[in-house]
Amino acid sequence: MARHLITSALPYINGIKHLGNMVGSMLPADVYSRYLRQRGHDVLYICATDEHGTPAELAAKEQGLPVDEFCAQAHDAQKAVYDGFALAFDYFGRSSSPENREITQHFARRLNENGFIEERSIRQVYSPVDGRFLPDRYVEGTCPHCGYDKARGDQCENCTRVLDPTDLINPRSAISGSTDLEIRETKHLFLLQSKLENEVREWVSKHDKDWPQLASSIAHKWLTEGLHDRAITRDLDWGVPVPADTWPELAAEGKVFYVWFDAPIEYIGATKEWADQDPENRDWKSWWYDVDTDVRYTEFMAKDNVPFHTVMFPATELGVREPWKKVDYVKAFNWLTYYGGKFSTSQKRGVFTDQALDILPADYWRYFLIANAPESDDSSFTWEHFTATVNKDLADTLGNFVNRVLSFSKKRFGDDVPAGGTPGEAEAKLGGEIAALLAEYESHMESLQFRKAAAALRALWSAGNSYLEEKAPWLEIKTDKDGAALTLRTAMNLIHLYAVVSEPFIPATAKTMREAFALADDTAAWVTADEARALTAVPAGTPFTVPPVLFAKLTDEDLETYKERFGGEPTA
């Protein structure tokens, strides 16, 4: 089987992330990773907290903590939420790790040796009130492109345009709020992307037929506008330091690398962190170095991260002139909105992941978010849509099917799966339908079409309900007890099949469904087409139990409670 390297965009360290962050990177990466593992592939799913740059310093300052202590606490807090969402990372690292520092400095040295880094004097914003140069995110103001008045000096959160602090209208210090700003001269390192533009363009063009339109179009948009040389150092106290053996003057001034230079390198750094935990059995370079034909690398991210992963980081990798693995497939997502307005970590708008877990278990959220993933366009979260989806798909279609099959069988046939008669025309028809739907589900998962995969999974659940309504064992038992037993045994086999194939979407519920049957040796990782047609994985005589209600149906009172807590529309 193929080896699959999977990464999702690194979540910033400054606070718990919202549902838009979850569905735009980490959750679909987890669903895909789980699916591939079930199909027998060797998978390494890597992520980490992005701990450098101004967000970390500003958040630490706000909480009155040293930045390293703040980052350690925030990393643990984020990891706890991701564990709550059952994200099965192989490793969840930290960009402040010694491993990332080592590899980032190695990349910088190699780029410099190859003529792709240049030291330049530039004019930069300085705040006399704060007594320091202000890196990009320490400067806020009005975006010159869209007029958003809370734009940061590196990027406008509203229109996603990349900015320099000097581009902002009416700039102010993000530390003190002072508008008494000066422009002074200082030195920084620049990555000469202009010298790498043709190589990047050629590399991106090779993926035009493979990548989704969203990722490809964003990459080409940047290339059409031309790659500009970009400063890759900042005046900060926290970050990967510029190595003194190569740039002694800048190192003495305390320069650190720009967070968007070291953050993508942390994918490699986190893999080394993973390997360093068990060096005798793990080889991090076997996933990253000189492995183009051996490893398929898939990245997951929202559209605002696409330029950095399809243009900037590939430029860095190309300029190093070493055979580092480059991404094969970029799965890019549009935005999930909250009633049409943007989720925002910085402005605390929308539902955040820790709040979501306080309301309902993870599987409710996992299913809803993937079933409505913003793949082709932005999609809107509303409480009305959420409750309707939970009730229709999870409570009625899946949960009710499991409960009524097991409860009815226990009541009429006892604690073991009943035997019944020989499968007939209805069972043959059902088996063919299930096999076809399973193939459709697999096809969509293989092509990373998550909404379509969710629809195929929902159709698998619906097929069981249609079979049950057609056979009506509650009526059948009055005239044909063996026939009713056969119907229930077939339905129980559907429950087991659902447990196996639903695991990427709803892992906790899948585990509960599987454990309902006391099978002596239940090692099924997936279901073949022949197994789907036969539906015999759970034989007659197998003891079973009726699990608690899988999904509680949400009421009008629940809906009103959620809207009252979070609002029925985005706040200004």
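Given the structure is predicted, the values throughout are model-derived calculations rather than measurements. The figures that follow rest on heavy atoms only: side chains count, while hydrogens, waters and symmetry mates do not.
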Lys331 to Phe333, cation-pi by 6.0 Å centre distance and 45° axis angle: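 Yes, Lys331 lies over the aromatic ring of Phe333.
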Lys303 NZ/CZ over Trp335 ring centroid, <6.0 Å and within 45° of normal: yes
Would you list the atom pairs, donor with acceptor, under 3.5 Å between side chains in residues 505-513 and any protein atom, with sequence neighbours excluded?
unit_1	atom_1	unit_2	atom_2	d
Thr509	OG1	Asp363	OD2	2.6
Lys511	NZ	Glu515	OE2	2.7
Thr512	OG1	Ala508	O	3.2

Whether Glu375 side chain and Phe450 backbone form a donor-acceptor pair below 3.5 Å: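 Checking the backbone N and O of Phe450 against the side chain of Glu375, a donor-acceptor pair under 3.5 Å is found.
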Compute the ring centroids of [X] and [Y], then answer whether they are less than 6.0 Å apart.
X	Y	value
Trp324	Tyr289	yes
Phe381	His18	no
Tyr297	Trp287	no

Passing candidate, side chain to side chain donor-acceptor pair (under 3.5 Å) with Tyr35, options Glu442, Glu503, Glu446: Glu446
Identified ring pair (Phe, Tyr, Trp, His ring centres under 6.0 Å) partner of [X] from the options [options]:
X	options	value
Trp383	Tyr562, Tyr338, Phe368	Tyr562
Tyr45	Phe300, Tyr267, Phe89	Phe89
Phe386	Tyr364, Tyr367, Trp365	Trp365

Listed once per pair and sorted, the side chain to side chain donor-acceptor pair (under 3.5 Å) pairs that draw on residues 532-542, sequence neighbours left out: Asp530-Arg533
Side-chain heavy-atom pair His207, Val330 within 4.5 angstrom cut-off: no
Ile434 and Tyr467, any side-chain heavy atoms less than 4.5 Å apart: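 In short, these two side chains do not touch, never coming nearer than 4.5 Å.
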Side-chain donor-acceptor contact under 3.5 Å, Tyr339 with Glu384: yes
